[in-house]
Amino acid sequence: MYPAELTSPYLDRFSAAAAQRYKALGIERDDPDRPMKIAALNSEGFGAPVVLFCYLDRTMGPGQWGDAGMYLQTVMLLLRAEGLHSCPQVMWTMYRKTVSQTVGADDRFVLFCGVSVGFEKEGAPQIRTGRADMTETVSFIGV
Ligand SMILES: Cc1cc2nc3c(=O)[nH]c(=O)nc-3n(C[C@H](O)[C@H](O)[C@H](O)COP(=O)(O)O)c2cc1C
């Protein structure tokens with residue numbers, strides 16, 4: 001799902017976001033069953049009734065992977081316009097063989113991610129994960 005050697009600051013941000021998200025869902029960092037519980041929640045699409053699966057033709061390169069991200073962002077915004085919420089989940093790639101068998105995708109295609117889709121659960125805790133400060137991620141040149 002991620003580079004084998006994910007380094008700082010990416011690993012730190014990833015860990016912090018995961019800790020926030022899964023704590024809000026009742027899974028503490030020191031829970032010995034944490035990995036299994038996280039996999040279970042993800043595999044249930046966090047309770048959403050629908051999961052979209054996005055594939056790319058295996059011959060595509062980095063530019064087209066970027067295109068796919070932009071495409072999915074647009075899908076997610078259009079879902080909001082319909083009153084729906086969504087959650088991209090790269091975790092589905094861990095089960096890519098099963099997913100491909102289920103949806104009938106052949107080897108020409110590579111699974112990018114799943115996107116769970118559903119209506120927001122009323123009363124669920126608000127768990128918007130933190131974001132790195134813009135000064136860490138953007139360089140303004142010439143201002
Ligand atoms: C391409 C992509 C894949 C992701 N995969 C997962 C995933 O497998 N499991 C997960 O819990 N969050 C995953 N996330 C993060 C969540 O979907 C979500 O974007 C993040 O928690 C921020 O949510 P918030 O805006 O509600 O704070 C992924 C995000 C992106 C953009």
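Just follow the structure's listing: the first ligand is 1, and inside any ligand the first atom is 1. Counting from 1, the numbers follow the sequence of the chain as shown.
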Practice task
Using a 4.0 Å heavy-atom threshold (strictly under), name the region of N42 that reaches ligand 1: side chain, backbone, both or neither.
Solution key: side chain

Fill in the blank from the handout: the protein heavy atom lying closest to atom 26 (O) of ligand 1 turns out to be R128 CA, 4.1 Å

Handout entry: Smallest separation among heavy atoms of G118 and A48, with atom names
Key = N-CB, 4.2 Å

Problem - ligand 1 contact on F14 by region, counting heavy-atom pairs under 4.0 Å - result: neither

Exercise for the section: Using atom types as modelled and distance alone, determine if a side-chain donor or acceptor of Q64 lies under 3.5 Å from a backbone N or O of G61. Expected result: yes

Exercise for the section: Could you establish whether C87 and ligand 1 come within less than 4.0 Å of each other, counting only heavy atoms on the residue side? Expected result: yes

Completion exercise
Closest to atom 21 (O) of ligand 1 among protein heavy atoms sits R21 NH2, 2.8 Å

Practice task
I would like to know whether E28 and K23 meet salt bridge (Lys or Arg N to Asp or Glu O under 4.0 Å); could you show each step before the answer?
Solution key: CA-CA 5 Å; E28 297 295 339; K23 187 175 167 47; 3.6 Å; yes

Handout entry: Contact check: V90 vs ligand 1, nitrogen or oxygen atoms, below 3.5 angstrom
Key = yes

Exercise for the section: Would you mind checking which non-hydrogen protein atom is closest to atom 22 (C) of ligand 1, with the distance to 0.1 Å? Expected result: T129 OG1, 3.3 Å

Practice task
Give yes if a backbone or side-chain nitrogen or oxygen of M91 is under 3.5 Å from a nitrogen or oxygen of ligand 1, and no if not.
Solution key: yes

Handout entry: Electrostatic pair D57:R108 at N-O distance under 4.0 angstrom
Key = no

Problem - Numbered atoms of ligand 1 (with element) below 4.0 Å of Y22, judged on heavy atoms - result: 9 (N), 10 (C), 11 (O)

Practice task
Would you mind listing which atoms of ligand 1 come within a distance below 4.0 Å of any non-hydrogen atom of R131?
Solution key: 22 (C), 24 (P), 25 (O), 27 (O)

Problem - ring pair (Phe, Tyr, Trp, His ring centres under 6.0 Å) pairs, two or more places apart, involving residues 51-77 - result: F53-W92, W65-F112

Exercise for the section: For the pair R80 and E120, find out whether any cationic side-chain nitrogen is under 4.0 Å from an anionic carboxylate oxygen. Expected result: no

Problem - CD1 on I38 to CZ on R21, rounded to 0.5 Å - result: 10.5 Å

Handout entry: Between T129 and R131: side-chain donor-acceptor atoms closer than 3.5 Å
Key = yes

Problem - Protein heavy-atom partner closest to atom 17 (O) of ligand 1 - residue, atom, separation in Å - result: P88 O, 2.8 Å

